[in-house]
Amino acid sequence: MRLDHLSFAAGPDGLASTAQRIGGLLGKDFVDGGVHPRFGTRNMILPLAGNTYLEIVEVLDHPASDKAPFGQAVRARSALGGGWLGWVVAVDDITVVEQRLGREAVIGSRHRPDGTELRWKQIGVHGLIADPQLPFFIQWDTPAELHPSAEADPSFSLACLEIAGDPHRVSEWLGETVEAPLEDVKVDWAAPNGTPGIVAAQFQTPSGLVRL
């Protein structure tokens, strides 16, 4: 179990403009990730050191976005002006999570601009919608060399994650201590009685720390 990526919902100016704005702050351009046909969304990504990446995601005018929980979550966050959607934990065997949560994972996929298909299974988006401090889970069905973090510039990394919430609640959701997927990332837990979710993330860049 490890931190796989962070997800940021595009604002009213759209995916490209949001990616350009955040990329400008970080000093690194995002790349086109492609469309998620099953979820009615599309993304742009920034690979990071440590096998993680930052995703900016936008909902499409597509029926799937109204039916798929992930599409619903992105639409709702973008409707609020965009911002942090959540964090995602990668697992080796998602059946363990399926058994604990009592439901089946859904299949996800997207084609990169070069035509390469990425496939995965994910579960737990309903938990994220109900309680945004909770991550959802992903199991990649794609070789490691095709993971979105591949070819990351090692000078760009996630330095700190600021989460409003209760680490004990998150540990219960994970089925193990919250430190397990976040052992390489500093986490500041704040406002346990406030609105839960990611408050900010700090990134190490060649120009120093940048807080988003």
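For the single chain, residues carry numbers from 1 onward in sequence order.
- The only member of Asp92, Asn51, Val89, Val185 that meets side chain to side chain contact (heavy atoms under 4.5 Å, CB included) when paired with Arg2 is Asn51.
- Between the side chain of Trp87 and the backbone N or O of Asp4, no donor-acceptor pair lies under 3.5 Å.
- For the salt bridge (charged side-chain N to carboxylate O under 4.0 Å, His left out) test, no residue two or more places apart in sequence or in another chain qualifies with Asp29.
- Side chain of Arg77 to backbone of Gly11: no donor-acceptor contact under 3.5 angstrom is found.
- Considering only heavy atoms from C-beta on, Phe203 stays 4.5 Å or farther from Leu46 through its side chain.
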Pair Asn43-Ile56, side-chain contact (heavy atoms from CB on, under 4.5 Å): steps then yes or no: CA-CA 5 Å; Asn43 71 356; Ile56 300 177; over 6 Å; no
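- One hydrophobic cluster, built from ILVMFWY side chains closer than 4.5 Å, cannot hold both Val96 and Phe137; they sit in different ones.
- Checked against side-chain contact (heavy atoms from CB on, under 4.5 Å), Ala200 has the following partners two or more places apart in sequence or in another chain: Glu162, Arg211.
- Within the structure, salt bridge (charged side-chain N to carboxylate O under 4.0 Å, His left out) contacts touching residues 102-116 (residues at least two apart or in different chains) are Arg112-Asp114.
- Sorted by first and then second residue, the pairs that involve residues 45-68 and meet salt bridge (charged side-chain N to carboxylate O under 4.0 Å, His left out), not counting sequence neighbours, are Arg42-Glu58, Asp66-Arg75.
- Cluster membership check: Ile22 shares its hydrophobic cluster with Val210, using side-chain heavy-atom separations under 4.5 Å among Ile, Leu, Val, Met, Phe, Trp and Tyr.
- With sequence neighbours left out, Asp32 forms a salt bridge (charged side-chain N to carboxylate O under 4.0 Å, His left out) with no residue at all.
- Scanning for side-chain contact (heavy atoms from CB on, under 4.5 Å) contacts around Pro37 gives Val35, Ser109, with sequence neighbours left out.
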Residue pair Val178, Trp189: steps toward the side-chain contact (heavy atoms from CB on, under 4.5 Å) verdict: CA-CA 11 Å; Val178 70; Trp189 295 93; 3.7 Å; yes
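- Leu15 and Leu212 fall within the same hydrophobic cluster, defined by Ile, Leu, Val, Met, Phe, Trp and Tyr side-chain heavy atoms under 4.5 Å apart, directly or through other members.
- Residues forming a side-chain contact (heavy atoms from CB on, under 4.5 Å) with Leu209 (at least two apart in sequence, or on another chain): Ala159, Gln202, Gln204.
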For Thr18 and Phe8, run side-chain contact (heavy atoms from CB on, under 4.5 Å): C-alpha distance rounded to whole Å, both residues' side-chain angles, the deciding distance at 0.1 Å, then the answer. CA-CA 9 Å; Thr18 303; Phe8 189 98; 3.9 Å; yes
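- Follow the hydrophobic side-chain contacts under 4.5 Å out from Val91 and you reach Val170 in the same cluster.
- Grouped with Phe39 in one hydrophobic cluster are Val31, Ile45, Tyr53, Val57, Val59, Phe70, Val74, Leu85, Val88, Val106, Leu118, Trp120, Val125, Leu128, Ile129, Phe136, Ile138, Trp140, Leu146, the linkage being side-chain heavy-atom contacts under 4.5 Å among Ile, Leu, Val, Met, Phe, Trp and Tyr residues.
- A donor-acceptor pair is defined here as one N or O able to donate and one able to accept, closer than 3.5 Å; such a pair exists between the side chain of Thr205 and the backbone of Gly208.
- A side-chain donor-acceptor contact under 3.5 Å links His36 and Thr41.
- Evaluation of the salt bridge (charged side-chain N to carboxylate O under 4.0 Å, His left out) rule for Arg100 yields no partner, not counting sequence neighbours.
- Between Asp153 and Pro47, every side-chain heavy-atom pair lies at or beyond the 4.5 Å cut-off.
- The main-chain N or O of Asp166 is found under 3.5 Å from a side-chain atom of Gln133 such that the two form a donor-acceptor pair.
- Within the structure, the salt bridge (charged side-chain N to carboxylate O under 4.0 Å, His left out) test picks out the following pairs touching residues 117-141 (sequence neighbours left out): Glu117-Arg119, Asp131-Arg169.
- Between the CE atom of Met44 and the CG atom of Leu54 there is a distance of 11.0 Å, given to the nearest 0.5 Å.
- Annotation: Glu151, atom CD; neighbour count of heavy atoms from other residues, nucleotides and ligands within 6.0 Å does not exceed 12.
- Residue Val199 is not grouped with residue Ile163 when hydrophobic side chains (ILVMFWY) are merged at heavy-atom distances under 4.5 angstrom, including chains of intermediate members.
- For residues 11-21, there are no salt bridge (charged side-chain N to carboxylate O under 4.0 Å, His left out) pairs, not counting sequence neighbours.
- Sorted pairs that involve residues 89-117 and meet ring-ring contact (aromatic ring centres under 6.0 Å, His included), not counting sequence neighbours, are lacking altogether.
- Although no hydrogens or angles enter the test, the distance criterion places a donor-acceptor pair under 3.5 Å between the side chain of Thr52 and the main chain of Ala49.
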